[in-house]
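Predicted model, so just to flag it, every value in this text is computed and none were measured.
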Amino acid sequence: VFNNPGTVQVRTGVSSLAGAYALSGGSMSFDISSLTTFGSLLLEPPFSLDCTVNVNLTNNFSPAGGNAFTLLTYGSATGTFSALNLPHLSGALIWQTNFTDHSFSLSVTTAPPFQLTGVIASPGSGEFSFNFGAIVNQSYQVQWATNLAPAQWFDLGAPITATNTTMPVTDFLDENPQRFYRVILQ
């Protein structure tokens with residue numbers, strides 16, 4: 001039995017694991033060096049996704065919209081990854097995770113435009129709330145400014161990792177109730 005609570009790292013090409021093995025509590029790390037040069041892992045069933053997946057961009061590679069990378073191929077799988085650590089992409093590009101019955105892949109797509117909904121101002125309490133459309137597992141930073149000319153932006157709390165397609169934000173206004181908000185893709 002191959003029991004690895006450590007890291008299985010696949011830099012390039014296809015590696016495979018057959019027979020009895022367990023990756024629970026461990027991690028898999030994949031390097032992506034180009035559109036055609038990246039690590040991939042072939043797993044014989046059954047496979048539990050109960051591990052961390054790390055992806056690294058190497059050789060100064062910067063994926064473009066529409067690029068796709070099949071990192072895992074398996075006969076069958078159960079569970080979910082305990083964590084998925086993906087590198088930052090440039091511009092408005094984001095990672096899209098794709099699970100099928102027999103594979104896990106990443107593709108690069110353009111982030112949809114932000115849409116604010118559910119704007120609620122409660123002047124008596126000084127509370128201002130809104131929702132924004134999000135992509136699950138994508139990180140965002142909400143910022144505010146009191147003036148747009150010139151704007152000095154401040155973080156409203158720590159970055160948010162979306163757990164739903166609509167994310168709520170609440171701000172408590174101080175002595176200057178006029179604020180402008182923006183949401184930045186991390």
Side-chain angles (χ1 to χ4, degrees), residues 1-114 132-142 155 158-167 183-186:
V1 173
F2 177 68
N3 186 357
N4 185 21
T7 300
V8 172
Q9 183 158 3
V10 187
R11 295 188 184 275
T12 186
V14 179
S15 297
S16 63
L17 289 177
Y21 57 87
L23 299 174
S24 296
S27 66
M28 294 182 288
S29 185
F30 299 92
D31 287 356
I32 300 175
S33 300
S34 73
L35 188 55
T36 58
T37 307
F38 58 93
S40 182
L41 192 56
L42 173 62
L43 301 167
E44 289 191 9
F47 171 60
S48 172
L49 300 175
D50 183 27
C51 62
T52 298
V53 171
N54 301 300
V55 175
N56 307 298
L57 295 176
T58 59
N59 295 335
N60 294 318
F61 178 60
S62 182
N67 290 170
F69 310 92
T70 300
L71 302 179
L72 289 172
T73 305
Y74 40 80
S76 65
T78 59
T80 59
F81 295 132
S82 54
L84 184 59
N85 301 312
L86 303 174
H88 180 74
L89 295 173
S90 61
L93 297 176
I94 59 169
W95 291 106
Q96 180 177 329
T97 57
N98 309 297
F99 287 92
T100 70
D101 290 341
H102 302 288
S103 69
F104 167 72
S105 64
L106 294 174
S107 56
V108 179
T109 187
T110 303
F114 290 108
F132 67 91
I135 298 171
V136 175
N137 292 325
Q138 182 64 49
S139 293
Y140 302 90
Q141 177 64 61
V142 178
D155 290 345
I160 300 167
T161 299
T163 56
N164 203 332
T165 57
T166 302
M167 293 301 296
V183 179
I184 298 175
L185 188 63
Q186 294 282 291

| request: With the side chain counted from C-beta on, respond yes when Thr97 and Leu106 share a heavy-atom pair under 4.5 Å apart, and no when they do not. | output: yes
| field | Aromatic ring proximity Phe30/Phe69, centre distance under 6.0 Å | value | no
| request: Mark yes or no for whether Ser16, through its side chain, and Leu42, through its backbone, hold a donor-acceptor pair below 3.5 Å. | output: no
| Can you name the one residue among Val55, Leu71, Val53, Thr7 that meets side-chain contact (heavy atoms from CB on, under 4.5 Å) with Met28? | Val53
| So do the side chains of Leu57 and Pro63 get within less than 4.5 Å of each other, counting heavy atoms only? | yes
| Counting only N and O atoms by type, is there a donor-acceptor contact under 3.5 Å from the side chain of Tyr74 to the main-chain atoms of His102? | no
| request: Return yes if a side-chain donor-acceptor contact under 3.5 Å exists between Thr37 and Thr12, otherwise no. | output: no
| said: Using the rule given for side chain to side chain donor-acceptor pair (under 3.5 Å), can you reason through Asn56 versus Ser29, listing the C-alpha separation, both sets of side-chain angles and the distance that settles it, and then say yes or no? | reply: CA-CA 8 Å; Asn56 307 298; Ser29 185; 3.1 Å; yes
| query | When you check the side-chain N and O atoms of Asn98 and Ser107, is any donor under 3.5 Å from an acceptor? | reply | yes
| message | Applying side chain to side chain donor-acceptor pair (under 3.5 Å) to Asn59 and Ser34, what does each step give before you reach the verdict? | response | CA-CA 8 Å; Asn59 295 335; Ser34 73; over 6 Å; no
| Relative to each other, are the rings of Phe81 and Phe104 parallel, tilted or perpendicular (30° and 60° limits)? | perpendicular
| request: Grab the two heavy atoms, one from Ser40 and one from Thr70, that are nearest each other, plus how far apart they are. | output: OG-O, 3.2 Å
| said: Ring centroids only, cut at 6.0 angstrom: are Phe61 and Phe38 within range, meaning strictly under it? | reply: no
| Partners passing side-chain hydrogen bond (donor to acceptor under 3.5 Å, both in side chains) against Thr161 (at least two apart in sequence or in another chain) | Ser139
| Heavy-atom closest contact (Ala134 atom, Ala162 atom, distance) | CB-CB, 3.7 Å
| Atom CG in Leu43, atom OG in Ser76: separation rounded to 0.5 Å? | 10.5 Å
| field | Gln96 side, atom CD; Thr110 side, atom OG1 - distance, nearest 0.5 Å | value | 11.0 Å
| message | Would Ile135 and Trp95 count as a side-chain contact (heavy atoms from CB on, under 4.5 Å) here? Give the steps. | response | CA-CA 10 Å; Ile135 298 171; Trp95 291 106; over 6 Å; no
